[in-house]
Amino acid sequence: MLELDGLTSCTRCELANSRTRVVAGSGPSDPALVVIGEAPGRHEDEGGEPFVGRSGQLLFRLLSEIGLTRERCFVTNVVKCRPPANRTPRPREVAACAPWFDAQLASVGPAPLLVLGATAARAVFGQRLGIGVIHGRVLVAGARRGLATYHPAAALRAGERVVALMREDLATLRTLVDA
Ligand code: URA
C-alpha cells in the first residue's frame with residue numbers, strides 16, 4: 001500500500017465528512033499496469049482497498065484473460081473517498097484530489113494506464129467526449145500511454161454487450177503492456 005503524507009486524514013473536500021476510510025490505492029511501485037477508477041464504493045469505503053466489490057471482480061476477471069493478475073497492477077481512483085450513495089464525484093472533488101493522484105502517479109514506475117469510465121477519463125486524459133467515443137483509443141497523459149474503457153459497474157448494469165467492448169479494449173491494452 002502506497003502511503004502519501006496526510007492522505008489518510010485528508011479534509012480537502014466535503015467527502016471527508018461522509019467517508020469511513022480514505023481509499024488510497026494499492027499495488028507494487030513498479031507495476032505492469034496502473035488501473036484508475038472513479039471513486040470508492042461501499043465495500044471499498046469499508047475495507048480501505050480499491051475495487052474489492054463486484055466491479056473489481058469483473059475487472060480482474062477480464063484482466064486475467066490478457067494475462068494480468070491484480071498483484072501486477074497498481075490500483076487507484078481519481079477520487080479517494082466514497083461519494084454519498086455512490087453519486088458521480090463533483091468536479092471540485094476531482095480537483096481537490098488531483099494533487100494526491102498526481103503524486104501517486106509520479107511515484108509508480110512507467111507503466112501504461114487503464115482508465116475506467118468517463119469521469120476518470122476526463123481527469124486523466126482531459127477527454128470531454130463520452131466513453132462510447134473514446135474507449136479503446138490509445139491516449140497520452142504526460143509521459144504515459146494508456147486507454148480508457150467502460151467502467152465495470154456500467155458493464156454490470158448493461159450486460160454482455162459492454163463486457164464484449166471491454167474485452168476488445170483490453171486486447172488493445174495488452175499491446176501497450178507488452179511493448
Ligand atoms: N468503483 C470505482 O471506480 N472504484 C472502486 O474502487 C470501486 C468501484
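Positions are given from 1 along the sequence. Order of listing sets the numbers, starting from 1, for every ligand and every atom in it.
Evaluation of the side-chain hydrogen bond (donor to acceptor under 3.5 Å, both in side chains) rule for Arg167 yields Glu65 as partners, not counting sequence neighbours.
Protein heavy atom nearest atom 4 (N) of ligand 1, with residue, atom name and distance: Asn77 OD1, 2.7 Å. Nearest protein heavy-atom contact of atom 2 (C) of ligand 1 is Ala39 O, 3.0 Å.
For ligand 1, the atoms sitting less than 4.0 Å from at least one non-hydrogen atom of His151 are 1 (N), 2 (C), 3 (O), numbered in the order shown with element in parentheses. Here is the list of ligand 1 atoms found below 4.0 Å of a heavy atom in Pro50: 6 (O). Set against the non-hydrogen atoms of Phe51, the atoms of ligand 1 under 4.0 Å away are 1 (N), 2 (C), 3 (O), 4 (N), 5 (C), 6 (O), 7 (C), 8 (C). Taking every heavy atom of Gly37 and a limit of under 4.0 angstrom, the matching atoms of ligand 1 come to 3 (O).
With hydrogens and angles left out, the side-chain atoms of Glu46 and Thr20 include no donor and acceptor closer than 3.5 Å.
With a 4.0 Å heavy-atom cut-off, ligand 1 is reached by the side chain of Glu44 but not by its N, CA, C or O. Neither the backbone nor the side chain of His43 has any atom closer than 4.0 Å to an atom of ligand 1 (non-hydrogen atoms only). Residue contacts with ligand 1 for Ala120 are absent, since no atom lies close enough (heavy atoms, distance under 4.0 Å).
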#### Entry: Intermediate values then yes/no, side chain to side chain contact (heavy atoms under 4.5 Å, CB included), Val108 and Asp30
CA-CA 6 Å; Val108 294; Asp30 193 15; over 6 Å; no

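Within the structure, the ring pair (Phe, Tyr, Trp, His ring centres under 6.0 Å) test picks out the following pairs touching residues 84-137 (sequence neighbours left out): His135-Tyr150.
Here the closest non-hydrogen pair linking Leu139 and Gln127 is CD2-NE2, 3.8 Å. Of all the heavy atoms in Gly41 and Asn86, the pair that sits closest is CA-OD1, 3.7 Å.
Under a 4.0 Å heavy-atom criterion, Ala153 is not in contact with ligand 1.
Remark: Arg21 does not engage Glu44 in a salt bridge, criterion side-chain N to carboxylate O under 4.0 Å.
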